Visitor: 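The structure's right below; bear with me while I get my questions together.
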There are 2 protein chains.
Amino acid sequence: MKGIRQLAEHLDISIGTVSRALNGKPDVNEETRRRVLAAAEELGYVANQSGRSLRQGETKVIGLMIESSTEAVENADNFFIGVTSGLQSVFARHKLDLVMLPCPSDEDPHEYLKRIVARRIVDAMIISNMQRIDRRIDLLSRAKIPFIAVGRSLSPGNFPWIDLDFEGVADRAVERLVARGHRRIAITAPSSEVNLGYVFLESYRRALERRGIAFDPSLVIRVKSSEHGGYQAAHELLVLKERPTAVILIYELMAIGLYRRLMESGVMPGRDLAVIGFRDAPRARFLQPSLSCFRMSLYDLGIALGRTLLANMPAYRQFYPDDGRNVVWPLELVPGESDAFDPGTGEKEFEPERLSFDDRTVEF
Amino acid sequence: MKGIRQLAEHLDISIGTVSRALNGKPDVNEETRRRVLAAAEELGYVANQSGRSLRQGETKVIGLMIESSTEAVENADNFFIGVTSGLQSVFARHKLDLVMLPCPSDEDPHEYLKRIVARRIVDAMIISNMQRIDRRIDLLSRAKIPFIAVGRSLSPGNFPWIDLDFEGVADRAVERLVARGHRRIAITAPSSEVNLGYVFLESYRRALERRGIAFDPSLVIRVKSSEHGGYQAAHELLVLKERPTAVILIYELMAIGLYRRLMESGVMPGRDLAVIGFRDAPRARFLQPSLSCFRMSLYDLGIALGRTLLANMPAYRQFYPDDGRNVVWPLELVPGESDAFDPGTGEKEFEPERLSFDDRTVEF
DNA sequence: CTGAAAGCGCTTACAG
DNA sequence: CTGAAAGCGCTTACAG
């Protein structure tokens with residue numbers, strides 16, 4: 001089966017009628033529609049997207065830009081594939097397809113996006129990994145391509161975004177640690193210009209301030225946002241002259257590297273150092289002792305992103321009258337054992353289970 | 001800037017000449033070309049892809065289908081993002097763009113692919129997660145869409161694929177373990193119909209046979225190919241009446257869950273049970289004791305996939321005369337500490353470093 | 001309810 | 001070397 005013309009000839013009707021039948025237009029005889037649908041199904045006809053797009057001026061495709069730099073990939077930890085399901089469940093209602101657009105690591109993200117946008121491959125974009133100043137916002141605004149950003153940016157202009165509640169995370173983490181008596185609380189921060197690093201650090205600083213604790217720049221450990229960065233962060237903590245009694249991590253995977261480096265030095269998270277992680281990545285769930293961290297539903301975030309994006313597209317706005325913009329997405333604390341260390345007594349508050357390899361419960 | 005017409009009017013020449021200049025056709029005055037290129041750059045003109053595709057009958061887009069079922073996602077562990085870089089480096093030479101097409105988890109992968117193919121969104125496909133019988137092969141062959149599969153399948157017909165060397169992995173793992181005196185060697189296998197499970201299991205069976213060891217079905221542990229599956233696998237190993245002394249894992253992330261469950265029972269990999277893992281996932285690198293496993297370059301695999309795919313596309317075949325099909329991709333053994341256990345003496349061969357939390361090297 | 005025709009933005013024989 | 005024109009496969013006013 002080639003095109004609509006062949007299908008029309010096969011049915012001995014005009015292509016216009018075939019098109020109308022296929023697209024559910026009301027002014028088609030039901031019997032005709034039935035025949036058309038049956039023939040299309042039988043012959044496996046599906047409209048060529050280029051033809052449709054050219055005529056309609058829209059592609060029915062929405063792009064999710066993914067940075068494939070090593071660091072971004074490490075961080076992602078399936079963040080995007082998780083969000084994807086939620087996005088698709090929204091888009092499916094409107095027969096919109098989602099494609100993930102990986103920016104080659106040797107190409108400038110701005111140039112890549114420019115090319116994709118100019119070629120009109122997609123009707124709208126979802127961008128993430130927002131930088132402190134992110135020129136992509138200006139690019140998309142000028143090109144009048146609807147978009148939504150996963151994350152805020154200092155770049156001027158109003159634009160729709162949804163960001164994680166870094167303020168809430170930092171505040172609750174500090175609150176929890178201070179309640180246990182911690183005063184020297186370190187924090188990790190990304191070494192790049194990614195905006196969330198600034199937001200998180202500023203939130204941490206304010207959380208300390210609210211509790212009358214002076215901000216100490218030496219307790220801000222700048223490392224790559226990766227497992228290896230976590231390893232490095234632990235190393236830097238261990239060599240600090242005045243060591244902190246607690247550390248708050250950014251990025252889900254840092255905890256794994258941090259644990260490893262600490263344990264190499266015989267420092268046990270939750271016993272010798274309180275650790276609070278960020279998002280509970282699937283990988284991190286297997287850490288021992290269990291990590292106190294924050295949880296969110298990637299699926300629900302995907303739905304919110306999808307709805308907010310569509311609410312910003314003229315053709316779909318009507319379906320999402322209540323979906324505005326600029327949501328701060330809450331995360332829920334998942335208490336674990338990693339922050340049980342009490343700096344006052346120098347002891348942990350409770351005995352984490354199954355810590356020692358000698359605590360055998362099955363004879364082998 | 002809208003279309004080529006506006007650009008042509010601005011330059012006061014015909015759209016045909018603009019098109020030829022932009023597309024590097026030889027029959028264009030160099031001065032004219034220079035002017036066209038400059039104006040396009042200045043006005044930010046890029047050809048509308050739908051127009052091109054419709055006229056040329058090709059989209060210059062290659063799709064990488066991704067299954068977003070929970071299990072597939074868990075397994076992926078950034079496998080695809082790793083391969084993506086290699087693919088893009090090949091495609092970039094031909095101005096081909098790569099898009100990742102995530103199949104919604106509630107949609108049948110076959111139907112999804114059918115829709116994508118029929119809509120002519122891509123010129124060629126890369127498919128993976130091959131099933132024992134995989135109807136997508138037939139679908140793509142019939143539709144005459146060039147494709148390459150990451151993985152073999154029993155489905156009939158010749159088709160290009162590249163698969164990992166499961167035979168080599170199984171054989172070297174068994175060889176290594178047998179050399180250390182193991183006779184009861186368990187293996188994990190996926191509980192699904194994914195073809196690599198069958199290939200791996202058969203390879204393991206033959207590897208045992210070559211060394212005169214009887215195949216024992218009770219030593220085949222069927223679990224989900226995920227961290228949690230690894231956890232379950234360890235559990236099943238622990239309750240076996242006649243316990244194995246070694247286990248070979250499939251899928252990169254299983255090791256993490258397996259380690260956890262073993263340690264909960266005081267069973268130390270490398271000391272009480274020999275463990276050999278599959279691919280050295282970034283996550284698994286942080287395991288203690290270090291995992292003996294197999295390594296490969298995802299980037300190089302991506303390049304090979306890209307070249308082999310293009311060698312199967314009429315328009316690009318000429319550039320890749322030497323790239324055939326059906327490569328079995330080798331993996332390299334990375335010896336670790338996890339298979340140091342000697343079943344004869346019941347002792348490990350060497351003391352894995354930094355195993356005990358009491359082996360402190362830094363005072364805290 | 002249906003058909004004939006225009007036209008979306010391109011590329012490419014073809015004529016000059 | 002350039003321009004005018006055809007046509008890729010659709011959808012959609014428009015006429016009947």
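No hydrogens, no waters, no symmetry mates; every other heavy atom, side chains included, goes into these values. The structure displayed is predicted, hence computed values, not measured ones.
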Visitor: What's the CD-P distance between B/Q49 and D/dG9, to the nearest Å?
Guide: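 Whole-Å distance recorded here is 16 Å.
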
Visitor: Tell me which of A/I15 and A/E30 sits closer to the 5' end of DNA chain C, going by the nucleotide each one is nearest to.
Guide: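 Mapping each residue to its closest nucleotide by heavy atoms, the 5'-most match is A/E30.
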
Visitor: Rounded to whole Å, please give me the gap between CG in B/L11 and C1' in D/dC1.
Guide: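 Roughly 16 Å, once rounded to whole Å.
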
Visitor: When the distance from CD1 of B/I121 to C1' of D/dG9 is rounded to whole Å, what number comes out?
Guide: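 Distance check: B/I121 CD1 to D/dG9 C1' gives 15 Å.
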
Visitor: Specify the separation, in whole Å, of atom CZ of B/R52 and atom P of D/dC10.
Guide: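 Answer to the nearest Å: 20 Å.
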
Visitor: I want to check one thing: is the phosphate of D/dT11, taken as OP1 and OP2, less than 4.0 Å away from some side-chain N or O of A/N23?
Guide: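 Answer yes for this pair, as a side-chain N or O of A/N23 is under 4.0 Å from OP1 or OP2.
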
Visitor: Once you apply a heavy-atom cut-off of 4.0 Å, does A/S53 come out as touching a base, just sugar-phosphate, or nothing?
Guide: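 The answer is nothing, as A/S53 stays clear of every strand by at least 4.0 Å.
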
Visitor: Nearest-nucleotide wise, let me know which of A/R5 and A/D27 is further upstream toward the 5' end of DNA chain D.
Guide: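 Whichever sits nearer the 5' end wins; that is A/R5.
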
Visitor: Which part of the nucleic acid does B/N48 contact within heavy-atom distance under 4.0 Å: base, sugar-phosphate only, or nothing?
Guide: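 The answer is sugar-phosphate, as B/N48 gets under 4.0 Å only of primed atoms, P, OP1 or OP2.
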
Visitor: Before giving the answer on side chain to side chain contact (heavy atoms under 4.5 Å, CB included), spell out for A/Q88 and B/E107 the whole-Å C-alpha distance, their side-chain angles and the decisive distance to 0.1 Å.
Guide: CA-CA 10 Å; A/Q88 283 177 319; B/E107 190 168 350; over 6 Å; no

Visitor: Rounded to whole Å, how long is the line connecting atom NZ of B/K60 with atom C1' of C/dT11?
Guide: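 So the two atoms are 12 Å apart, to the nearest Å.
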
Visitor: Could you give the CD1-to-C1' distance, from A/I4 to C/dG3, as a whole number of Å?
Guide: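 It is 13 Å, rounded to the nearest whole Å.
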
Visitor: Of the nucleotides C/dC8, C/dG3, D/dG3, which one has an atom closest to the side chain of B/I13?
Guide: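 Ranking C/dC8, C/dG3, D/dG3 by closest atom to the B/I13 side chain puts D/dG3 first.
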
Visitor: Hey, does the side chain of A/T17 come within less than 4.0 Å of C/dT2's phosphate (OP1/OP2), counting only N and O?
Guide: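 No.
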
Visitor: What is the nucleic acid contact for A/G16, judged by heavy atoms within less than 4.0 Å: base, sugar-phosphate only, or nothing?
Guide: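 Base: the residue A/G16, judged by heavy atoms under 4.0 Å, touches a nucleobase.
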
Visitor: Would you mind telling me which of C/dT2, D/dT2, C/dC10 lies closest to the side-chain atoms of B/R20?
Guide: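 The listed nucleotide nearest to B/R20's side chain is D/dT2.
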
Visitor: What's the verdict on side chain to side chain contact (heavy atoms under 4.5 Å, CB included) for B/F319 and B/L310, showing C-alpha distance, side-chain angles and the deciding distance?
Guide: CA-CA 8 Å; B/F319 299 108; B/L310 294 187; over 6 Å; no

Visitor: Nearest of D/dC10, C/dC10, D/dT2 to any side-chain atom of B/N29?
Guide: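 For the B/N29 side chain, the nearest candidate turns out to be D/dT2.
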
Visitor: Do the side-chain N or O atoms of B/K25 get closer than 4.0 angstrom to the phosphate oxygens (OP1, OP2) of C/dT11?
Guide: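 False: B/K25 side-chain N/O out of range (4.0 Å or more) of C/dT11 OP1/OP2.
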
Visitor: Starting from C1' on D/dT11, measure out to CG on A/L22 and report it in whole angstrom.
Guide: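 One finds 12 Å between C1' of D/dT11 and CG of A/L22, rounded.
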
Visitor: Do you know which two heavy atoms are closest between B/L37 and B/A21, and how far apart they sit?
Guide: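 Heavy atoms of B/L37 and B/A21 come nearest at CD1-O, 4.1 Å.
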
Visitor: Is the distance from OP1 or OP2 of D/dC10 to the nearest side-chain N or O of A/Q56 less than 4.0 Å?
Guide: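 It does not, given that no N or O in the side chain of A/Q56 lies less than 4.0 Å from OP1 or OP2 of D/dC10.
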
Visitor: For D/dC10, does OP1 or OP2 lie under 4.0 Å from any side-chain N or O of A/S50?
Guide: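 Answer no for this pair, as no side-chain N or O of A/S50 is under 4.0 Å from OP1 or OP2.
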
Visitor: Strictly below 4.0 Å, N to O, side chains only: are A/R136 and A/D134 in salt-bridge contact?
Guide: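 A salt bridge is present here (some side-chain N lies under 4.0 Å from a carboxylate O).
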
Visitor: Do the rings of A/H94 and A/Y320 sit parallel, tilted or perpendicular, given the 30° and 60° boundaries?
Guide: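 Perpendicular, since the angle between the ring planes exceeds 60°.
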
Visitor: Heavy atoms from C-beta onward define the side chain here; which of C/dT11, C/dT2, D/dC10 lies closest to that of A/V28?
Guide: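 The nucleotide sitting nearest to the side chain is C/dT2.
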
Visitor: Taking only the side-chain nitrogens and oxygens of B/R55, find out if one of them lies under 4.0 Å from OP1 or OP2 of D/dG7.
Guide: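 No, no such contact exists.
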
Visitor: Report yes or no: does B/N195 contribute a side-chain atom to a donor-acceptor pair with the main-chain N or O of B/R152 at less than 3.5 Å?
Guide: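 The answer is yes, because a donor-acceptor pair under 3.5 Å joins these two groups.
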
Visitor: Could you let me know what D/dA15 is paired to, Watson-Crick or G-U wobble, both distances under 3.5 Å, or none if it's on its own?
Guide: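 C/dT2 is the nucleotide pairing with D/dA15.
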
Visitor: From CZ of A/R120 over to C1' of C/dG9, roughly how many Å is that when rounded to an integer?
Guide: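 Those two atoms, CZ and C1', are 12 Å apart.
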
Visitor: Counting just side-chain N and O atoms, does A/Y45 come under 4.0 Å of either OP1 or OP2 of D/dC10?
Guide: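 Checking A/Y45 against D/dC10: at least one side-chain N or O falls below 4.0 Å of OP1 or OP2.
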
